[in-house]
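A short write-up of the structure that comes next.
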Amino acid sequence: MKLSSISIIFFFATLQALSVLQVNSQSTDSCNSNLNLDLPFDTSLLNCLPVWSRHDFILRYVRNLSNVWNFVLSAPDTNSFVAMGFSTTGQMVGSSAVVGWVSADGSGTVKQYFLGGQRPNLVVADQGNLTIVENSTSITSRSSRVYLAFQLNTSQPLSRVLYSVGQIGVIPSAPGFALAEHRDKVSTLLNYRTGTSASDSQHSRLRKSHGILNMLSWGILMIIGAMAGRYFKQWDPMWFYSHAAIQSCAFLLGLAGIISGFVLEDRLNAEVDTHKALGILILVLGCLQVMAVFARPGKESKVRKYWNWYHHNGGRIVILIAIANVFYGIHLGEDDGTSWNAAYAVVISILFLLSIILEVKLWRQN
């Protein structure tokens, strides 16, 4: 009897284990799985790749017609929204996203959102820069997974693709369909031609190097060098050598920072035209300042005052544009650039206050 009871218990435990394995197998998806979904577009030739292993996100896509792209995003069903966004910079702010969820009654909802800022009121439903093909969106829950499908009308989707998952048990509701803060997110680079996806964090070191180099050079050292040239002329000729040495270091570091920016733009395929244009303008003005040093007339020359006017005001313009572009770069480079903004603002405030004190002192001496 004891052996028989043990056998029965073992038999039922085996059945339970098999049932669990069966459920788990049904709740998983892979690129070898067949999509048996009722979608308004063909799913037989979709490219497939895992895009977010942490949450088991799988993306299928293909270019259907000349300017129509089919997308199917598969994710575990956690009673929350799933989202796929397209960004020019890799950041959430400024991107447009396709967001879908399945309600408790089994009905699915798919909407486009424009992420205009980090505050909830700036995340606007039914707005965005994506041209979604009419009647092409759907979201289906099957075997403990959700399948978000849609079509985009575009010659080439943005390669900076964002994925996010909402808080468990929290889904948008009518009438405003406000989107609660995501539970987790990731920024990736998707190569549509090769079918490969990589986390955007792989380029974070290069992005930080680019930002630190330009902040330190054009945004800080250039200011210190200008202050040395204006306020310490009583220590001749040390003021001149200090001014030249600091500005030379600033220019070389700034040149390295701008070159790293070109490399970063190429690797990320980012659209940062304004930031890039300002950086090129700063570099050109910086080169003109360096060239002006070699054409510096003597103190007794009649054109010396015109050269001074050009050199001094040209330097001021470079500094002003550089400060603006540093803050703009922080805005582009970080989801939460508050700490960087605050740190740089403190440094600029200290330098500005110091320059005012020295300017008043110089005015009294003169």
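Between Tyr310 and Trp307, the distance separating the two ring centers is not shorter than 6.0 angstrom. Aromatic pair Trp239/Tyr231: ring centres not closer than 6.0 Å.
The structure places CZ of Phe327 at 6.0 Å from CG of Asn341, a figure rounded to the nearest 0.5 Å. Here the straight-line distance linking atom CD of Gln112 with atom CG of Leu130 works out to 4.5 Å at 0.5 Å rounding. Separating the CG atom in Asn153 from the CG atom in Asn67 is a distance of 6.0 Å, to the nearest 0.5 Å. Atom CE of Met222 is separated from atom CD1 of Ile282 by 9.0 Å, given to the nearest 0.5 angstrom. Arg119 CZ to Glu181 CD: the interatomic distance, rounded to the nearest 0.5 Å, is 14.0 Å. Rounding to the nearest 0.5 angstrom, the gap separating the CE atom in Met227 from the NE2 atom in His243 is 13.0 Å.
Under the 3.5 Å distance criterion, the side-chain polar atoms of Ser95 are left unmatched by any main-chain donor or acceptor of Ser87. Here the side chain of Tyr192 pairs a donor or acceptor atom with the backbone of Leu158 at under 3.5 angstrom. Gln151 places no side-chain N or O within 3.5 Å of a backbone atom of Thr137 that could act as its donor or acceptor partner. Of the possible polar contacts, none joining the Asn64 side chain to the Trp69 backbone as a donor-acceptor pair under 3.5 Å is found. Side-chain N or O atoms of Ser217 include one that pairs as donor or acceptor with a backbone N or O of Leu213 at under 3.5 Å. When atom types are taken as modelled, the side chain of Thr78 and the backbone of Ile168 share no donor-acceptor pair closer than 3.5 angstrom. In this structure, the side chain of Gln289 engages the main chain of His311 through a donor-acceptor pair within 3.5 Å. Side-chain atoms of Arg183 come within 3.5 Å of backbone N or O of Gly166 as a donor-acceptor pair. For Asn325 (side chain) and Ile321 (main-chain N/O), no donor-acceptor pair under 3.5 Å exists by modelled atom type. Counting only distance, with no hydrogens or angles, the side chain of His210 and the backbone of Gly257 share a donor-acceptor pair below 3.5 Å.
Within 6.0 Å of atom CZ in Phe262, more than 12 heavy atoms from other residues, nucleotides or ligands are found, so the atom counts as buried in its surroundings. Shown here is Gln234, whose CD atom has more than 12 heavy atoms of other residues, nucleotides or ligands within 6.0 Å. Environment of CG in Asp236: crowded, with over 12 heavy atoms of neighbouring residues, nucleotides or ligands closer than 6.0 Å.
When all heavy atoms are compared, the tightest approach of Leu35 to Val72 is CD1-CG1, 4.2 Å. Nearest heavy atoms, Lys299 versus Arg304: N-NH1, 3.3 Å. Nearest heavy atoms, Ser349 versus Ala345: OG-O, 2.7 Å. Nearest approach of Pro172 to Ala178, heavy atoms of both residues: CB-O, 3.6 Å. When all heavy atoms are compared, the tightest approach of Ile258 to Gly279 is CD1-O, 3.5 Å. Here the closest heavy-atom approach between residue Leu59 and residue Val51 is recorded as CB-CG1, 3.7 Å.
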Going through the checks in order, is the side chain to side chain contact (heavy atoms under 4.5 Å, CB included) test met by Leu162 and Met84? CA-CA 6 Å; Leu162 314 172; Met84 179 177 177; over 6 Å; no
Starting from the C-alpha separation in whole Å, work towards a yes-or-no answer on side chain to side chain contact (heavy atoms under 4.5 Å, CB included) for Leu190 and Leu49. CA-CA 10 Å; Leu190 176 59; Leu49 68 157; 4.0 Å; yes
Going through the distances and angles, do Val165 and Phe81 end up as a side chain to side chain contact (heavy atoms under 4.5 Å, CB included)? CA-CA 6 Å; Val165 58; Phe81 71 78; over 6 Å; no
Would Ser30 and Asn32 satisfy side chain to side chain donor-acceptor pair (under 3.5 Å), going step by step from the backbone distance to the final call? CA-CA 5 Å; Ser30 71; Asn32 296 322; 4.5 Å; no
In sequence, state the C-alpha distance, the side-chain angles, and the governing distance for Val146 and Ser74, and then conclude on side chain to side chain contact (heavy atoms under 4.5 Å, CB included). CA-CA 6 Å; Val146 291; Ser74 166; over 6 Å; no
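Salt bridge status for Asp56 with Arg145: present, with a side-chain N to carboxylate O gap under 4.0 Å. Taking a cutoff of 4.0 Å between a charged side-chain nitrogen and a carboxylate oxygen, Arg142 and Asp29 do not qualify as a salt bridge.
Between Asp105 and Ser107, the side chains place a donor N or O and an acceptor N or O closer than 3.5 Å (distance only, hydrogens not considered). Checking Asp77 against Ser141 by side-chain atom types alone, a donor-acceptor pair falls below 3.5 Å.
The hydrophobic cluster containing Leu189 does not contain Ile58, counting ILVMFWY residues as joined when their side-chain heavy atoms lie under 4.5 angstrom apart, directly or transitively. In the hydrophobic clustering of this structure, Leu358 groups with Ile224; members are Ile, Leu, Val, Met, Phe, Trp, Tyr whose side-chain heavy atoms approach within less than 4.5 Å, directly or through other members. Both Val290 and Leu285 are part of a single hydrophobic cluster, where members link through side-chain heavy atoms under 4.5 Å apart. Connection of Val186 to Val82 is established within a shared hydrophobic cluster, with ILVMFWY side chains joined at heavy-atom distances below 4.5 Å, either directly or through further cluster members. Under a hydrophobic clustering in which Ile, Leu, Val, Met, Phe, Trp and Tyr are joined whenever their side-chain heavy atoms come within less than 4.5 Å, directly or via other members, Phe150 and Val110 fall into the same cluster.
Between Tyr344 and Met215 the shortest side-chain heavy-atom distance falls below 4.5 Å. Counting only heavy atoms from C-beta outward, the side chains of Phe352 and Ile223 never approach each other to under 4.5 Å. Using a 4.5 Å heavy-atom cutoff, the side chains of Val102 and Ile139 are in contact. Here the side chains of Val93 and Leu115 are not in contact, with every heavy-atom distance at 4.5 Å or above. For the pair Leu278 and His275, the minimum side-chain heavy-atom distance is 4.5 Å or more. Side-chain atoms of Thr88 and Val272, non-hydrogen and from C-beta on, never get closer than 4.5 Å to each other. Between Leu216 and Leu221 there is a side-chain heavy-atom pair separated by less than 4.5 Å. The closest side-chain heavy-atom distance from Leu152 to Val68 is not below 4.5 Å.
Taking the six-membered ring where the residue is Trp, Trp101 and Tyr113 present tilted rings, their angle falling between 30° and 60°. Ring pair Phe57/His55 is perpendicular by interplanar angle, where above 60° counts as perpendicular and below 30° as parallel.
Geometric assessment of Lys111 against the ring of Phe177 yields a positive cation-pi assignment under the 6.0 Å and 45° thresholds.
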